[in-house]
Amino acid sequence: MKTIFAKSVSGRTAYCLNSDAPKASAMLPADLLRKNAPRLPECSELEVVRHFTQLSQLNYSVDANFYPLGSCTMKYNPKFTEYVASLPGFTRLHPMMAQLEGGADCTQGALQCLHEAENLLCELTGMKAFTFQPMAGANGEFTGVKLIAAYHAAKGRNRKKMLIPDAAHGTNPASAALAGFETINIESRDGMVDPEAIVAAIAEHGEDVAGLMMTCPNTLGLMEVHLPRIVAELRKVDALLYYDGANMNAIMGKMRMGDVGFDVVHLNVHKTLATPHGGGGPGAGPVGVTDRLMPFMPAPRVAKHPDGRFYLDYNLPQSIGPIGPFYGSFGVVIKALAYMLRLGGEGLTRASEYAVLNANYLKKKLENVLEIPFKDRFCAHEFVASAPEGLRALDIAKALLQRGIHAPTIYFPLIVHECLMAEPTETEDKETLDTYVEALQEIILTGKANPQSLQELPTNLPVRRLDETAAARQMVLTEDMG
Amino acid sequence: MPYIPHTPEELHEMLSVVGVRSLDELFSDIPSSMRPQSFDLPKGQSEAAVCGYFEELAAKNCPGHVSFLGAGFYNHDIPKAVDALSGRSEFYTAYTPYQAECSQGTLQAIFEFQTAVSRLMEMDCGNASVYDGGTAIFEAAMMAVRATRRSVLVVDEAVNPIWRGMLAAYTSSLDLEIKIVAQHNGCSDMDALMASVDNTCAAVIVQNPNFFGAVADYTTLFAKARSQKAFGVISVYPVMQSVLKTPGEMGADVAVAEGQSLGMNLSFGGPYLGLMTCRKEHIRQFPGRIVGRTSDVDGKTGYVLTLQAREQHIRRAKATSNICSNQALCALRSLIHMSLLGPEGLARVAENNMALARYAVERLTAIKGVELLNNTPFGSEVALRLPKSAAEVVKAMTPKGIVPGYPLGKHYPGMENVLLLSCTEANNRTQIDKLAEIMGGLL
């Protein structure tokens, strides 16, 4: 499909302000002005509408396709939350209003949203306080490890090592490194974090261990059954435990991080709390802490006067400083709040129960088709499988696309051979899951008979397999390059 | 049961396939000692009740106020087609485009976004966006630190103090030194900046128009940076960039921006959009996601995520950044916004707002004791010295339904009487007349 630039015709415009202002050259010296107008598209409104409507139709989406993407929780996003976030009382509100003297009067509704969202997340996770500043999950990870660094610094020690399981998301080590930590890889045993490996790491690095980053249930879809022991080992050296919230959709109402010994938590609201992923963002990555990390939280914090009025509290002398410009992705956070209010505690628990049921049902149905490690254990809301001997995960993924089903996550976690990681989520019905099973059965039957045939797929999508090597080598990153 | 499709019969059948009698049995790996000590969330509510609750909360804010607040975040008109198109659920409910064949819509949109932002800045290439203007400045600084293997960052004090605060917080546990070069009366101190750029400097970071609205040319400064093998980094206001000398023309290495003004609502602080562009030679240091054009097995043009060897899912602790996602939907909004306005539309907005700012200066400086902070060229935003505390003036005017601007005392000691006033197309001359009238009565 042509780009919007290729469709541009000089002199066309869709939306132009009715203004009698003079040209910029009459208001600013010539040497401060650009020589040529930016070569942005010149199109009519209908052309723009058609272009982006047609582009949208080249996508798979949760609203149109089954999207069982492991580790990403692509569940249905209720539509009413869009309405809530689009109320002009929120969308037109300047963030600095709340910081002006007397401005809090004009932002009580927005501040109340943040305050209420914080309270609900605290109850959901067992943490004492939340900040909404982190603008995505990885930004939340960074915030979390910075809080851990600040905790140790306040105790007068400069701990430099962060323990990270081998099955962790790649953002975990990247976030820790960005915060100045050296990462120590912890090898799994029986699909779980091995407490003996933690003991060994502490023995080797001793008092230099700042903390451990964990995902629970982990990225293999398994509950970490050694958690109490791991917590106890870390406590011995006053190292902290970080919870990566990617998989919280599996445990709402069944386990709270604060109650089992986690010190700091980030949540991906676009996963567990059903805010749309938007093709890659925006997300929001609120971070929760227990008492001992509260002094280091980013400022400001939303607080409540005894008279019931809300205000911004900047009095955090030990704060790690601002992570975001204001109060995080406010528009995303209020969608998450609306979702929590709609479901309530019972509904959130039910969401986790059905997410886990759907995953276990799917896993059971696929046991004869795929190689499933740890199949004697219950999985959480997702599970991993290996492509059968002679077949590649990539080819199976493309064959699913051919059938209008989004592929599971492939080649993650790295420790599973030819890995396919599926997460059906609670919002899918049994019929959809059965269709998925049948599709995989057929694909694998076909693939075993003729592996080559899978490599031709997909044939019915806008493009067939793309040359990724050429893309990296030629580097055509804009219309003007290459 | 909202959003859960299972009938009781299906539930029963599925439980028996799995081989359990109850849903809770599936959680038997969580022993009672690890179960929640409390789970006291409110009862669920109907959709209508939740909507009503938020309507009440939204009404408690003051969306009807006339406002001249800017300071990096602006209340621009957004064509209704932006909402309509970016709200299409094929964009909205898709995931990161890892499976390229079924994600060409998102991928081509990002490629077009990269093109539009690069052309606006006149830089070689752009990435798929980062979280906001502040993270964009931090990521630009880190590019320079990696590429030069130096540890000093020279930062103009006239760069938005919010972003400077973020830069300091993000780098606090790294071995870096941030040298702030003091501004004078709201103008960048070009001589001091020039003197600070030496062979220990990784990057010099400036903003145009700066936080005070002043417009300048940083060509000489960036030439000095180049001669010292340091990076020239500039943050711009995208709307004004439609008329101002470009980062490319000035010789910047990395140009960034807060993209909120290109089609994002103010939304009480987010979500916003970090724009990043750079010269081609720095591409391997570029953070975040990048889309490239290629072809499929039939030779048909298509788009993929590319240069992923820099990213954390491959490089883990050695990645160029921990940012794995982008602000895809915000990037899409800004692309649609730019496509609807085009070069002409965007320039008209800039010019309209500059003209309004000049009218505001004319009206307000007619009030006794109100004067321009400096005589430097300015865009659509301008700093005014008042005869009394700007914060007090703002406080007195807000209950009258008008917010005259942002008081600068909080960030710049000694500037307690300085007000930063911003005009956008959401303002008009009648509002400015009212502003002048009320302010005149107060001073």
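Below, chain A is the first sequence line, B the second, and so on; all start at residue 1.
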Are A:Phe90 and B:Phe268 an aromatic pair, judged by ring center distance below 6.0 Å? no

For B:Glu10 and A:Tyr361, test the side chains for any donor-to-acceptor distance below 3.5 angstrom and give the result as yes or no. no

So that I can tick it off, tell me whether A:Asp31 and B:Lys245 are bridged by a salt bridge, with the cut-off set at under 4.0 angstrom between side-chain N and carboxylate O. no

Proximity breakdown for A:Ala338 and chain B, heavy-atom pairs closer than 4.5 Å: both

Under 3.5 Å, is there a donor-acceptor pair between the side chain of B:Arg119 and the main chain of A:Pro38? no

For A:Tyr76, is it the side chain, the backbone, both, or neither that has a heavy atom closer than 4.5 Å to a heavy atom of chain B? side chain

Residues B:Arg293, A:Glu479; criterion salt bridge (charged side-chain N to carboxylate O under 4.0 Å, His left out); working and verdict: CA-CA 9 Å; B:Arg293 180 185 270 167; A:Glu479 190 92 332; 2.8 Å; yes

By side-chain contact (heavy atoms from CB on, under 4.5 Å), A:Asp467 pairs with (sequence neighbours left out) A:Thr469, A:Ala470, B:Thr294

Do the side chain of B:Asn61 and the main chain of A:Gly109 share a donor and acceptor less than 3.5 angstrom apart? yes

Okay, A:Ala64 and chain B: the region with an atom under 4.5 Å from a heavy atom over there is neither

Tell me whether B:Asp296 contacts the main-chain N or O of A:Arg465 through its side chain, where contact means a donor paired with an acceptor under 3.5 Å. no

Considering non-hydrogen atoms only, spot the tightest contact between B:Ser118 and A:Thr478 and give its length. OG-CG2, 3.6 Å

Using only atom types and a distance under 3.5 Å, with no angle test, would you say the side chain of A:Tyr67 pairs donor to acceptor with the backbone of B:Tyr95? yes

Run the numbers on B:Lys60 and A:Thr107 for side chain to side chain donor-acceptor pair (under 3.5 Å), then give the verdict. CA-CA 7 Å; B:Lys60 284 189 186 175; A:Thr107 55; over 6 Å; no

Nearest heavy-atom approach of B:Leu174 to A:Ala179 is CD2-C, 4.3 Å

Once salt bridge (charged side-chain N to carboxylate O under 4.0 Å, His left out) is applied, do any residues pair with A:Glu123, and if so which ones, sequence neighbours excluded? A:Arg256

Would B:Glu249 and A:Arg34 pass as an ion pair if we require N to O under 4.0 Å? no

Is there a donor-acceptor pair under 3.5 Å between the side chain of A:Asp259 and the backbone N or O of B:Pro36? no

Taking CD in B:Gln45 as the centre, count heavy atoms belonging to other residues, nucleotides or ligands within less than 6.0 Å. Is the count above 12? yes

Could you check whether B:Asp298 pairs with A:Arg464 (Lys NZ or Arg NE/NH1/NH2 to Asp/Glu carboxylate O, under 4.0 Å)? yes

Cut-off 4.5 Å, heavy atoms of chain B, and the answer for A:Phe5 is side chain

So which heavy atom on B:Arg348 is nearest to which on A:Cys16, and how close? CG-SG, 3.6 Å

Heavy-atom proximity to chain A below 4.5 Å, by part of B:Phe27: side chain

For a quick test of reading the model, state the closest non-hydrogen atom pair linking A:Pro322 to B:Ala169 and the distance between them. O-CB, 3.4 Å

Between A:Pro282 and B:Pro271 the two heavy atoms that sit nearest each other are CB-CB, 3.5 Å

How about B:Phe73 and A:Phe326: are their ring centres within less than 6.0 Å of each other? yes

Tell me, side chain or backbone of A:Glu428 under 4.5 Å from chain B's heavy atoms, or both, or neither? backbone

Whether the side chain of A:Glu42 engages the backbone of B:Pro343 through a donor-acceptor N/O pair (distance < 3.5 Å, no angle test) should be reported. no

Is chain B contacted by the side chain of A:Pro458, its backbone, both, or neither, given a heavy-atom distance below 4.5 Å? side chain

Under 4.5 Å from any heavy atom of chain B, what part of A:Leu87 do you find: side chain, backbone, both or neither? side chain

With distance as the sole test, does A:Thr171 use its side chain to make a donor-acceptor pair with the main-chain N or O of B:Asn322 at under 3.5 Å? no

Using heavy-atom distances under 4.5 Å, tell me whether A:Pro29 contacts chain B through its side chain, its backbone, both, or neither. side chain

In the structure I gave you, are the side-chain heavy atoms of A:Asp63 and B:Glu90 within less than 4.5 Å of one another anywhere? no

Between B:Tyr170 and A:Phe142, how do the two ring planes meet: parallel, tilted or perpendicular, split at 30° and 60°? parallel

Contact class of A:Thr183 relative to chain B, heavy atoms under 4.5 angstrom: side chain

Could you tell me whether B:Asp24 and A:Lys254 have a side-chain N and a carboxylate O separated by less than 4.0 Å? yes

What's the shortest heavy-atom distance between A:His406 and B:Cys102, and which atoms? CD2-SG, 3.7 Å

Heavy-atom distances under 4.5 Å only: say whether A:Leu348 touches chain B with side chain, backbone, both or neither. side chain

Backbone N or O of B:Pro5 within a donor-acceptor pair of the A:Asp429 side chain at under 3.5 Å? no

Is the A:Tyr354 to B:His6 ring centre distance short of 6.0 Å? yes

